[in-house]
Number of protein chains: 2
Amino acid sequence: MQAVSATQDPQGTPRDTSEALLVTLMRMLRLIKRAHDAPIEPALQYVLYNVNCTGPLRLSDLAAQVQLDISTVSRHVRALEVSGHLERAADPADKRAALLSVTESGRKVLHDTFARRRAVLSTALSAWPEADLNTLEHLLNRLADDLETELKPSAPKRSDS
Amino acid sequence: MQAVSATQDPQGTPRDTSEALLVTLMRMLRLIKRAHDAPIEPALQYVLYNVNCTGPLRLSDLAAQVQLDISTVSRHVRALEVSGHLERAADPADKRAALLSVTESGRKVLHDTFARRRAVLSTALSAWPEADLNTLEHLLNRLADDLETELKPSAPKRSDS
DNA sequence: TGCGCTTGGTTGGGTCATGCAACTATTACC
DNA sequence: GGTAATAGTTGCATGACCCAACCAAGCGCA
């Protein structure tokens, strides 16, 4: 099956589209992390962002969503709570659980962070045609979804085609 | 300037293409890392891969290439050396430096790792038209280059348009 | 009602990756 | 030779993780 267009010689020196893609991804992430200028750590941003997106939700659901261990998320949530960017409300349906939601302060942090980052990306992307940008986002999302579908059959998610 | 197509309401809830893109990237990287099934750690893979790509090279050059601190790379190189995947040859021109190169064993590890990963990606991408895959790679690379150009003016790199 | 099982979260402990700063070994330049 | 730059290494601290053990609130059920 050659849909992946591998172009590696048999004796090592592996080089194929998907691999190069991966390396590019890593490089990018590193660059972005490096340019970290925000009021909160990248990992916290990530969590906060996700809480913001999917409304009040349980810690365990959040963990599933961001694909981190519950314990990890638990600590991040605590940190965000202490700094006032996130708050927990008792789940009326289950006293064990707590519903997380972003506070005003948290929203502000997110907003600022994104504004900053957007500035960076804007510059880098200013020469990009809108269409390309949308295409990239679309394809990347599809890839992520497909990958997720494959790696976690438990979460039957469908990519848009 | 709206090339980035921000669609966020003024009061928080930031949502724009670039941000979503970033989050998708993080999710993907995590997925891939999670599926880590290889004989060596991802970070070591990354280093090994780069040594393999750009032939015998110095540690400092390698560090620049992978964008990690020299000390970090130093440790990774040591680890790879100990496990026999990498070897250092004295640089004839400079006794301080060493030239790193991948051993046969290292090539094998890379090969296996990539084969494994390729299998995963192949499945995920089997339904993808080749064209989309190429487009994705192309756009992603462009993005990485543009970003790099902006974040490190020291490295005047040009993206292909 | 009270004993066990399940489930939502927290905590303890350990690992890996990484950067910064201090240090050693070589060169390079006068 | 003496001093400054350079290639790497090592000590130390931090952040982000995960796994396993644990606590606490429901849930069944006799």
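Below, read A as the first sequence line, B as the second, and so on, with proteins coming before strands; counting in each chain starts at 1.
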Would you say the base of D:dC19 and the side-chain of A:S71 have a donor-acceptor pair closer than 3.5 Å? yes
Within this structure, what is the [atom1]-to-[atom2] distance between [X] and [N], rounded to whole angstrom?
X     : N      : atom1 : atom2 : result
B:I70 : C:dC20 : CD1   : P     : 11 Å
A:Q45 : D:dA16 : CD    : C1'   : 14 Å
A:E41 : D:dT14 : CD    : C1'   : 9 Å

Check side-chain hydrogen bond (donor to acceptor under 3.5 Å, both in side chains) between A:S101 and all other residues, then give those that pass, not counting sequence neighbours.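 For A:S101 there are no side-chain hydrogen bond (donor to acceptor under 3.5 Å, both in side chains) partners, ignoring immediate neighbours.
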Test side-chain hydrogen bond (donor to acceptor under 3.5 Å, both in side chains) applied to B:R78 - qualifying residues, sequence neighbours left out: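 Per chain and number, B:R78 pairs via side-chain hydrogen bond (donor to acceptor under 3.5 Å, both in side chains) with no residue.
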Please list, in numerical order, the residues of residues 88-100 of chain B that have a heavy atom closer than 4.0 Å to any atom of DNA chain C. B:D94, B:K95, B:R96
So what is the end-to-end bend of the helix from C:dT1-D:dA30 to C:dC30-D:dG1, with 5 pairs used at each end and the value given to 10 degrees?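 For the helix from C:dT1-D:dA30 to C:dC30-D:dG1, the axes at opposite ends meet at about 0°.
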May I ask you to say what [X] touches in the nucleic acid, namely base, sugar-phosphate or nothing, with a heavy-atom cut-off under 4.0 Å?
X     : value
B:L68 : sugar-phosphate
A:R75 : base
B:L59 : sugar-phosphate

If every non-hydrogen atom of A:L48 is compared with every non-hydrogen atom of A:H85, which pair is closest and at what distance?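 Looking at all heavy atoms of both residues, the closest pair is CD1-O, 3.6 Å.
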Please name the pair of heavy atoms, one in B:N52 and one in B:L110, separated by the smallest distance, quoted to 0.1 Å.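 In this case the closest contact between B:N52 and B:L110 is CB-CD1, 3.5 Å.
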Heavy atoms from C-beta onward define the side chain here; which of D:dG8, D:dC17, D:dC19 lies closest to that of B:R58?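 It is D:dG8.
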Of the nucleotides D:dC18, C:dG8, D:dG8, which has the atom closest to the A:S60 side chain?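 The nucleotide sitting nearest to the side chain is C:dG8.
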To the nearest 0.5 angstrom, please state how far the [atom1] atom of [X] sits from the [atom2] atom of [Y].
X      : Y      : atom1 : atom2 : answer
B:L139 : A:D132 : CG    : CG    : 5.0 Å
B:T135 : B:E130 : OG1   : CD    : 10.0 Å
A:L86  : A:R107 : CG    : CZ    : 10.5 Å

Atom pairs and distances, donor-acceptor, side-chain atoms in residues 55-62 of chain A, under 3.5 Å, two or more places apart:
unit_1 : atom_1 : unit_2 : atom_2 : d
A:R58  : NE     : A:D91  : OD2    : 3.3
A:R58  : NH2    : A:D91  : OD2    : 3.1

Side chains of B:T72 and B:H76: closer than 4.5 Å at any heavy-atom pair? yes
Note, B:T113 side chain near B:Y49 side chain (heavy atom, < 4.5 Å): no
Presence of salt bridge, A:K108 and A:D112, under 4.0 angstrom: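 Yes, A:D112 and A:K108 are salt-bridged.
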Could you check which residues of residues 78-87 of chain B get a heavy atom under 4.0 Å from DNA chain D? Sort them by number, please.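 Within residues 78-87 of chain B, the residues near DNA chain D are B:R78.
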